[in-house]
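All chains are named by letter (A, B, ...) in the order of the sequence lines, taking the proteins before the strands, and each is independently numbered beginning at 1.
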2 protein chains.
Amino acid sequence: MTIPTNLQIAALGAALETFSRRYKMTDTGGLERALTEVDTQTLLYVGKHPGCGPTDVARFLRVAMTTISSATDRLVKRGLLERHRPEGDRRAVALRLSKAGEAHVAAQELAHHKMFLMMLERLEPDERDSFIAMIEKIAYSEG
Amino acid sequence: MTIPTNLQIAALGAALETFSRRYKMTDTGGLERALTEVDTQTLLYVGKHPGCGPTDVARFLRVAMTTISSATDRLVKRGLLERHRPEGDRRAVALRLSKAGEAHVAAQELAHHKMFLMMLERLEPDERDSFIAMIEKIAYSEG
DNA sequence: GTTGAATAATACGAACATCGTAATATCTTT
DNA sequence: AAAGATATTACGATGTTCGTATTATTCAAC
């Protein structure tokens with residue numbers, strides 16, 4: 001089997017460095033007010049897992065639970081997140097996005113959508129599917 | 001001209017999210033001792049621009065100069081960085097990596113190298129060049 | 001040549017995020 | 001009912017980032 005050449009590896013590394021500098025997933029767009037990276041990721045996660053608890057978020061983001069506690073505090077104060085006490089287990093907290101939180105997430109996803117669109121537009125139409133297939137292979141392969 | 005479909009955009013977005021979670025450029029490898037992101041980037045920048053000043057680093061990383069001052073303090077204390085007073089302008093400071101700093105950067109670049117190698121290995125040999133060409137197109141295209 | 005403005009870096013203090021430990025409340029098991 | 005397990009929060013410590021003020025040096029103008 002053929003192994004990648006050092007030239008290929010170097011080219012990939014250089015391109016990815018520019019790539020990640022150019023397409024920042026974490027950019028708030030400049031308009032929104034200073035939201036921590038953890039805060040942003042928490043919002044996105046809760047948006048995709050409504051009713052989840054702080055523990056789930058902490059495990060997913062690999063941060064201490066007290067950090068998520070602070071983050072949810074901030075987000076609740078800003079009116080982006082809601083804490084609910086579920087009937088079943090009254091120790092737990094179920095997190096949900098507020099209306100404003102949903103709007104925030106939607107805006108962010110729109111920004112991402114535009115970014116991905118811009119990436120694909122830089123390719124020829126007949127290249128796009130094969131690029132997607134390859135990046136999926138790299139991202140999802142086991143081992 | 002054909003525009004990307006929403007399906008393509010969604011697939012790309014999902015793949016890139018997993019991709020960036022899986023291949024963290026910022027991972028210190030787990031062995032090294034808690035180096036700030038700014039510290040790490042400062043080391044890499046100085047490695048590529050020996051003799052540069054704190055102002056250059058601050059401009060490149062887009063952080064306050066006092067932040068770089070603190071970062072260089074930490075790095076000097078750890079023995080990874082050296083401050084020199086150049087002859088020409090005695091206000092300025094010329095930054096250079098120490099031996100230990102060079103070793104650190106080398107280790108980090110080796111880790112990156114391995115990561116890029118792993119990415120390419122997940123592709124078929126005849127896919128690699130076209131993938132590199134496409135990611136370069138996306139990264140470097142103007143406009 | 002001396003004075004005044006501009007440049008380069010640092011010292012200091014404030015604000016804030018993250019984390020570990022301890023405390024509180026609720027569920028589960030015996 | 002008691003003991004332990006689980007889920008979250010309160011509190012204090014540490015550390016990073018940043019803004020302002022300060023010091024040192026160079027450049028410009030008179």
**Report entry** Rounded interatomic separation in angstrom, taking CD1 from A/I68 and P from D/dT8
**Finding:** 11 Å

Nucleotide N/O of nucleotides 23-29 of chain D paired with protein N/O under 3.5 Å:
unit_1: D/dT26; atom_1: OP1; unit_2: B/R90; atom_2: N; d: 3.0

Pull out every protein N or O sitting under 3.5 Å from an N or O of nucleotides 13-17 of chain D, one pair per line with the distance.
unit_1: D/dT17; atom_1: OP2; unit_2: B/R74; atom_2: NH2; d: 2.9

Report task. Have a look at A/I9 and tell me which of A/L12, A/T5, A/N6 forms a side-chain contact (heavy atoms from CB on, under 4.5 Å) with it. Result -> A/N6

Query raised in the report: Does atom CZ of B/R22 have more than 12 heavy-atom neighbours, drawn from other residues, nucleotides or ligands, at distances under 6.0 Å?
Result: yes

Query raised in the report: Sub-3.5 Å donor-acceptor pair from the side chain of B/T18 to the main-chain atoms of A/A139, do we have one?
Result: no

**Report entry** Set of salt bridge (charged side-chain N to carboxylate O under 4.0 Å, His left out) partners for A/E124, sequence neighbours left out
**Finding:** none

Query raised in the report: Base, sugar-phosphate, or nothing: which does B/R85 touch, judged by heavy atoms less than 4.0 Å apart?
Result: nothing

**Report entry** Distance in Å, B/F131 CZ paired with B/D126 CG, rounded so as to fall on 0.5 Å steps
**Finding:** 14.0 Å

Report summary line: Residues passing the salt bridge (charged side-chain N to carboxylate O under 4.0 Å, His left out) test with B/D129, sequence neighbours excluded, are none

Requested in this report: State whether the side chain of B/E109 and the backbone N or O of B/A106 hold a donor-acceptor pair below 3.5 Å, judged by distance alone.
Outcome: no

Report task. Go through residues 42-59 of chain B and report each residue with a non-hydrogen atom lying under 4.0 Å from DNA chain D, sorted by number. Result -> none

Requested in this report: Identify, with sequence neighbours excluded, every residue that meets salt bridge (charged side-chain N to carboxylate O under 4.0 Å, His left out) alongside B/D73.
Outcome: B/R83

